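Here the structure is a predicted model, which means the values were calculated and not measured. The figures here come from the full heavy-atom set of this structure, side chains too, leaving out hydrogens, waters and symmetry mates.
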Amino acid sequence: MKPENQTNILEFLLLGFSQYPEHQPMLFGLFLLMFVVAVLGNLLIILAVSIDSHLHTPMYFFLSHLSFSDIGFISTTIPKMLVNIQTQSKSITYAECITQVYFFMLFGGMDIFLLTVMAYDRFVAICYPLHYSVIMNPQLSGLLVLVSWFISFSYSLIQSLLMLRLSFCTNQIIKHFYCEYSRALTIACSDTLINYILLYILICVLGFIPFSGILYSYCKIVSSILRIPSTDGKYKAFSTCGSHLSVVSLFYGTGLGVYLSSDVTSSSGKDMVASVMYTVVTPMLNPFIYSLRNKDIKKALKTLGRILLLK
């Protein structure tokens, strides 16, 4: 069949979890619950950081941006999946697919960069505590977030524009619950070499460099903590970065597992489960991880609760 660009009318079919038709009501309820918990939890973190002046520090500034990014990340994929389950439809239009690809890469990239910036923040706080306020000043904090947004906007826009140049012959099947970029490339009729080259370059650069920065920061952090003479001092120092380390492990462990350990031609069941972990479970758990053992966040949430009750 001659390739024909039908981008104005083309629809993809997202198989998602349709191989379990008897479990669709349960899946709808489960994903709806996780979506609501994730959005409300991250929104509470943003509000708590905004209203409490004690949380107007670089660490919580980055955390509020991470919460905003997580809301965008989970909102990119789950609402469409819920609609498809409810309407018993598997379709997603070409425009919706491109939109998902763009925002998925945007917010996914922001998560990566913010986790890296937060690792650097903890590195400075523990290794150079006397110079922390000088190094992590508001100007640098704002610049780091601004650069993170700019890079994320740029590379997600480039990938989306490259996808726009592709032609698709007929309605096609994507074996995932969202329009996953690498799977969409496998059903294109036109040449995807440039797309794959740029995709793997970005995965290596945007994956390896930030992860190396996080790894280096924690090597220095561990080294500094081990030199602290008192056990209480070591515990206090480690507790300031334990939440971040947990989130990094969960995000990178599942995310890299999908993109580096799987191949797109194999069964997608395990890939989708791993994708659920870092696109749904991680954004849902982040507010709990950062608040359960954080007295400042707990205090701010209680203050926020009193304000909301008074209103």
Side-chain angles (χ1 to χ4, degrees), residues 45 48-49 52 54-67 69-70 109-145 147-148 203-257 259-261 277-278 281-301:
I45 293 292
V49 173
D52 195 330
H54 295 95
L55 300 183
H56 293 173
T57 63
M59 180 176 71
Y60 296 110
F61 174 69
F62 298 139
L63 178 59
S64 64
H65 278 270
L66 180 65
S67 294
S69 180
D70 280 341
M110 272 306 296
D111 272 10
I112 292 173
F113 289 125
L114 287 172
L115 290 174
T116 306
V117 169
M118 293 171 77
Y120 175 70
D121 174 76
R122 293 299 84 204
F123 160 72
V124 175
I126 293 176
C127 298
Y128 303 97
L130 298 180
H131 303 285
Y132 177 76
S133 59
V134 177
I135 298 174
M136 297 304 298
N137 56 71
Q139 291 76 21
L140 179 60
S141 300
L143 180 62
L144 289 172
V145 171
V147 170
S148 298
I203 288 176
C204 292
V205 174
L206 300 181
F208 177 75
I209 294 178
F211 184 73
S212 299
I214 292 173
L215 195 61
Y216 174 81
S217 296
Y218 273 101
C219 285
K220 291 294 185 179
I221 288 172
V222 171
S223 177
S224 296
I225 290 176
L226 291 177
R227 290 198 297 267
I228 298 176
S230 67
T231 304
D232 290 341
K234 291 179 180 179
Y235 176 79
K236 185 178 180 180
F238 182 76
S239 64
T240 62
C241 56
S243 298
H244 176 261
L245 187 58
S246 300
V247 172
V248 168
S249 301
L250 184 60
F251 183 85
Y252 271 95
T254 54
L256 293 179
Y259 286 101
L260 299 182
S261 300
M277 288 297 295
Y278 82 95
V281 176
T282 300
M284 181 187 69
L285 291 181
N286 282 357
F288 296 100
I289 293 174
Y290 279 106
S291 61
L292 285 178
R293 299 179 62 185
N294 190 309
K295 294 180 180 179
D296 294 330
I297 290 289
K298 285 182 179 179
K299 183 179 178 181
L301 289 175

Does [X] reach the side chain of [Y], with side-chain heavy atoms less than 4.5 Å apart?
X      : Y      : result
Asp52  : Tyr60  : no
Leu115 : Phe62  : no
Tyr120 : Pro58  : no
Ser223 : Lys220 : no
Tyr132 : Ile126 : no

Exercise: identify the closest heavy-atom pair between [X] and [Y]:
X      : Y      : result
Cys241 : Tyr218 : O-OH, 3.3 Å
Tyr290 : His244 : OH-CA, 3.4 Å
Asp121 : Met59  : OD2-CB, 3.5 Å
Met136 : Val124 : CG-CG1, 4.1 Å
Ser69  : Asp111 : OG-OD1, 2.8 Å

Looking at [atom1] of [X] and [atom2] of [Y], how far apart are the two atoms once the value is rounded to the nearest 0.5 Å?
X      : Y      : atom1 : atom2 : result
Met118 : Leu144 : CE    : CG    : 12.5 Å
Ile297 : Ile45  : CD1   : CD1   : 4.5 Å
Met110 : Leu66  : CE    : CG    : 8.5 Å

*Would one find more than 12 heavy atoms of other residues, nucleotides or ligands at under 6.0 Å from atom NE2 of His56?*
yes
Do side-chain atoms of [X] reach the backbone of [Y] as a donor and acceptor pair under 3.5 angstrom?
X      : Y      : value
Ser67  : Leu63  : yes
Ser243 : Ile289 : yes
Asn137 : Val134 : yes
Thr116 : Ile214 : no
Ser217 : Gly213 : yes

*Would you check if the distance from the ring center of His65 to the ring center of Phe113 is below 6.0 Å?*
no
